[in-house]
Enquirer: 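Would you mind keeping the following structure in view while I ask a few things?
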Amino acid sequence: MWFRKQPAEQQENNLVALINMYKKSGDFVHFHHPQSPLPYWVAYFGTLIDVEILHRDILPYLNKSAFTTLEEIKAALPFEDVLITSDLQQIQDQLLLGSVLIQLDVNDRACILVRAEMKKAREVTIPEEEYSVVGPKEAFVESITTNLNLVRKRLPISELTVKEFTIGTLSKTKVAVLFIEGITNEDNVNTVCQRLNDLQFNQILDSSIIAQLIADNGHSLFPQLIDTERSDRVAGVLAEGSVVILVDGSSHALIGPISVMGLFNAFEDYYVNWQMSSAFRLIRVFAVSFSILVTPIYVAVLTYHYQLIPKDLMVTLVSSRRNIPLPPILEAIILELTIELLREAGARLPSKVGQTIGIVGGIVIGTAAVDAGLTSNVLLIIVALAALASFTTPVYRMGNTIRLLRFPFLLLADLWGLLGIAVAFIFLMIHLLRLTSLGRPYLEPIYPPRFKDLKDSFIRVPFSLQSTRPVFLQTKDPQRFSKQKASEVKDIDE
Amino acid sequence: MKKKIKIAVVLLIIFSSYMFGRVQRQILDDINMPSAVGYDYVDRHTFKATTVRPIYRPDKSVGNRTFIASDELSTQTFSKINQQSSRQVVTGKLEVALYSKEVAKHGIGDLVDSLQRDPSISERLFVAVVDGETNKLLKKKYGDRDTGAYLSMLIEQNMNSGELPTNNLHQFLNAYNSKLKDPFLPLIEQKGENVHLKGIALFKDDHYVKNLRQDQQFIFQALIENIKLGTYKLKLKNKKYAAIENINTKHTYRVVNLKKKPEINVDVKVRGIIKEYTGKKTDEKEIAIIKKQVEKELEKEATAMIRTFQKLKIDPIGFGDQVRSRTRNFRYQQWLDQYPNVLVRVKVNVVILEKGVVD
C-alpha cells in the first residue's frame, strides 16, 4: 500500500492517516474520552470486536485511574496478549483481526492493541457426512480454535504439536498442521509444511481448496488426502502417525498421507468388533468394484459376448430387451445420466424438495422409462444397484470418483467389449500405481506389498494383533503398545 | 508445446479407435441364436441341417422356430440358414448337436470337427444320436422351454442322476482323436409328446456301429466313471424284483503281465440301498442272496459286453488307455492287434448299506 513506502519520519502522521482512511468504513469507531482521569483515544472495527469485552474488561479499567504511560495501562488491563507497538503494519493487521487500539494522544506514534475479537462459531453438532450409529458423535465446526480444542481434548499430551501458517493473500486464513512429535515421521510433516509455505493463492475458503492445491497429482480423480469431520478420527490417525491439517473456517480436517485402503475404512469400523468391521469392509470393496464394473459388463456382454450369458438368464435378458430400440450403450448412458441428474438435483435442492425429487425420479421416471420401452428393467435394476453401491464408500469424495470412473469404462466397453474393460482397468491400475499421497505410494499395501499393513485394510484384525503402527507411514515409533504386557493375564480366576 | 503434442496424440488415438477399431457388434436381441442343430441324411455327400432358435417374447414365454438347409458342408448350411433369417445367425449359444442314425452310420467326424473349429461353440455342447429323423424331433416343442434348452436339460439331468455316463463334445472328440479309445454318444428318440433316452450309441472311429443293450448300461457306466446316485433293477430267480438305489460305485483297474500279453482285472465296488423289493421279507438271508445275485448278474453282463466290444474291435471304455498308462514304450499297433483276445476279468463287490426303514 501507499503508506509503506513513506519514510520513517512521517510515521506519526501516517497512523493518523491510517485511522482517517479506516474512517471511510461505516463500521470503524474512533472516539476520544476526555472525562476520564486521563483522556485517551480508542479505535476499533465495531463489527469485528466483541463489544461486551470492551465494555466489561477494557473501558472500566481505563476510567479507574490516571495513567501516564502505555506500560501502566498494559499492566492494568486483564489481558495476557496486550501489545505496545508503533509498527504500522502490525497495527493494521491487528485492527483487522479484531483488536482495540488505545492511544493516549491522537498524534502519538505508539499505541496499545488489545485483542477483543468476536468469537462466533456454530455449536459442535453431530457429523452429517460421516454419521455413525455407534461411537462419539462430535463433528468439527468452522472455528479452528474449537476444532483444536476438540482434538486436544482427545490427545492431552505435550507431544501433540501444532504448527500455524497464514495462507491466502486476501483471506489470511489460519492453517494448522498437527502431528505428534516422536511418532510422526518428520519427512511427512516437512512435506506438508513446505507445500503450505510454497502456496500462492489468494483465498482459502475451505480445507478442500488446500487439499487440491497441495495434492501430489492435481489432475487425479482420486482424493489424495482424506477429509473428515470427525474429531475422533483425527485423534485416531494422529496416534497412528499421520499428519492432520486444520483450516480456519472449514469444518473438515485433512489427513495425510493415506493409502487407497483408507478410503474404504469408516471410522465406525473400530467401534464394532473385528469380525463385523472386516465383513463390512469386504462388502465395501465389493460394492466399489461392482459399482464401477457392472454396467460396463452389461454393455460389453450384450453387445459382443452373447456366449457368456447362461441359458436360464437368456429368457429374462432378451425378453426385457425385445421392445427396446436403443443399443445397450445408449440405454446404459441414458439411465446413468438419469441417476446422475437425480443425484445432482437432489444435492442442489433444499432438503425437503430433494426428497420429493428422489421419489419422482426413482419411481416415476424409472417405471415410465421401462413402460415406454426406452430401457430394460434388468438394466434399471443394475444401474440403481450400482448407484446405491457407490454410496457405500465412507469417504464422500470417493463415491463421486467412482461414479465418474464408470463413464470411460462404459465407452471402452462399447468400443471393444470385455477387452475394452480390461484396457480401462489397466489404465486405472497404471494411474493408481503412479499416484502418491505426500510422497507415499497410494496403492500400498497391495503394491508395494506390505503384508503387515493388511491387518488393517481389507479386513480389520482384533486390536490385540494391531500392536504396530502402519508401515507406510514410516513412523518413528512403530510400536503402538507392548504386545507382551497386553497379553499378560492378570484376571483373578476362581 | 510438449503438452499440446501429448493431448493431440491422445485425441488421435481415441478418434482413430472409434473410427477404425470397431469389432462387429452382436447385440443380444438382434441375433439369431440357434440352440440346437440336427443333421439328417440326404445322400452320400449332402445332408440336411435343421436349426432351432428360441423366440423370447416380451411376456417372457419362449417359442420355437426351425430353419432347414441342405449342403455338403456344415458351415455352408449355416450361411444358407442366414439367408433365410431376418437376424444374423450366430453359433455361440448352441446347446445340443444331434445326428440321425443314418448320418452317424456314414461317419460324423467332419461334422463334429466343424463344431470344434468354431471358437464360439462351447466344448460342453451335448452331442447325441437320434433314432429317426432329427428334423422331426426338432420341429416339435416340448415343455415350456425351447427345444434346444429342453434337450440339453434332458441330457444333463440324466447325466447328473447317473443314468448316462458324462459325455459332451470335448469328451467325444477326446475319444475320437485317440488311437486307443472309441467314442460313444447318448441315443435319444422321439416318442409321442416326449423325447426319451433310448440308450448309448457305440462308435468305431466316427461310424455308428451298435447300440448298447439297456441292461448293460449300468456296468458300462461303472467301468468308465464312479457313479453317484445310480439305480439298478435286479430280477431274482423266483420272479421277484429288487431295486437298488443311491448306488455309489468305485472301480480299480489292475493290469498284469504287461510285457507279453496284458490281462486286465477290474474290481468294481457297488454300495447301495435296497429301496423296493417285491418279496415278502428282507432279512439277512435274503439280502445275502440279493447281494450274490447282483454280483453274478453284473459280472455276467460285463463279460458279455466286453466280449462284444472285442468282437467289434471297439474300445469305448478305454482299456487301451489303462494299459498304455502302465507301459513304458507302449506300442499302439501291437495293442490293437492284441485287443480282441485280451482277457478282461471284472469282479463286482456289492455292499448293501440299508434295506429301508420298514422291518
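Chain letters run A, B, ... following the sequence lines, proteins first and then strands; every chain starts at 1.
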Enquirer: Go through the side-chain N and O atoms of A:Ser390 and A:Arg403 and say whether any donor and acceptor fall under 3.5 Å apart.
Expert: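 Short answer, yes.
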Enquirer: Going by atom types alone, do A:Arg440 and A:Ser259 pair a side-chain donor with an acceptor below 3.5 Å?
Expert: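 Distance-only check fails for A:Arg440 and A:Ser259.
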Enquirer: Between B:Arg53 and B:Thr66, is any pair of side-chain heavy atoms under 4.5 Å apart?
Expert: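 They are not in side-chain contact.
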Enquirer: Could you grab the distance from atom CZ of A:Phe425 to atom CG of A:Leu418, nearest 0.5 Å is fine?
Expert: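 A:Phe425 atom CZ to A:Leu418 atom CG measures 13.5 Å (nearest 0.5 Å).
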Enquirer: Looking at A:Tyr442, does the NZ or CZ of A:Arg434 lie under 6.0 angstrom from its six-membered ring centre and within 45 degrees of the ring axis?
Expert: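 Because its charged atom misses either the 6.0 Å distance or the 45° angle limit, A:Arg434 does not stack over A:Tyr442.
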Enquirer: So, are B:Glu193 and B:Lys140 salt-bridged, with charged N and O less than 4.0 Å apart?
Expert: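 A salt bridge is present here (some side-chain N lies under 4.0 Å from a carboxylate O).
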Enquirer: Between chain B and each of A:Leu419, A:Val301, A:Ile309, count heavy-atom pairs under 4.5 Å; write down the option with the most.
Expert: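 Of the options given, most contacts go to A:Ile309.
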Enquirer: May I ask you to list the residues in residues 144-158 of chain B that approach chain A closer than 4.5 angstrom, counting heavy atoms only, ordered by number?
Expert: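 If one takes a 4.5 Å heavy-atom cut-off, the residues of residues 144-158 of chain B near chain A are B:Arg145, B:Ala149, B:Ser152, B:Met153, B:Glu156.
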Enquirer: Measure B:Gln24 against the heavy atoms of chain A and call it side chain, backbone, both or neither at under 4.5 Å.
Expert: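 Backbone only.
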Enquirer: In terms of side-chain heavy atoms, does B:Ser122 have a donor or acceptor partner in A:Gln307 at a distance below 3.5 Å?
Expert: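 Checked: B:Ser122/A:Gln307 side chains show no N/O donor-acceptor pair below 3.5 Å.
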Enquirer: Looking only at heavy atoms and a cut-off of under 4.5 Å, which of A:Leu308, A:Asp414, A:Leu411, A:Leu317 has the most pairs with chain B?
Expert: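 Most pairs with chain B among the choices: A:Asp414.
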Enquirer: B:Ile31 versus chain A, heavy atoms under 4.5 Å apart: side chain, backbone, both or neither?
Expert: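 The side chain, not the backbone.
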Enquirer: Chain A heavy atoms under 4.5 Å from B:Arg25: which part of the residue, side chain, backbone, both or neither?
Expert: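 When you check distances to chain A, atoms from both the backbone and side chain of B:Arg25 fall under 4.5 Å.
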Enquirer: Quick one: which residue pairs count as a ring-ring contact (aromatic ring centres under 6.0 Å, His included) with a foot in residues 53-87 of chain B, not counting sequence neighbours?
Expert: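 Every pair satisfying ring-ring contact (aromatic ring centres under 6.0 Å, His included) with a residue in residues 53-87 of chain B: there are none.
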Enquirer: Is the closest basic N to carboxylate O distance between B:Lys198 and B:Asp131 below 4.0 Å?
Expert: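 Looking at B:Asp131 together with B:Lys198, the answer is yes, because their closest N to O distance falls below 4.0 Å.
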Enquirer: For A:Ile324, is it the side chain, the backbone, both, or neither that has a heavy atom closer than 4.5 Å to a heavy atom of chain B?
Expert: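 For A:Ile324, backbone heavy atoms alone lie under 4.5 Å from chain B.
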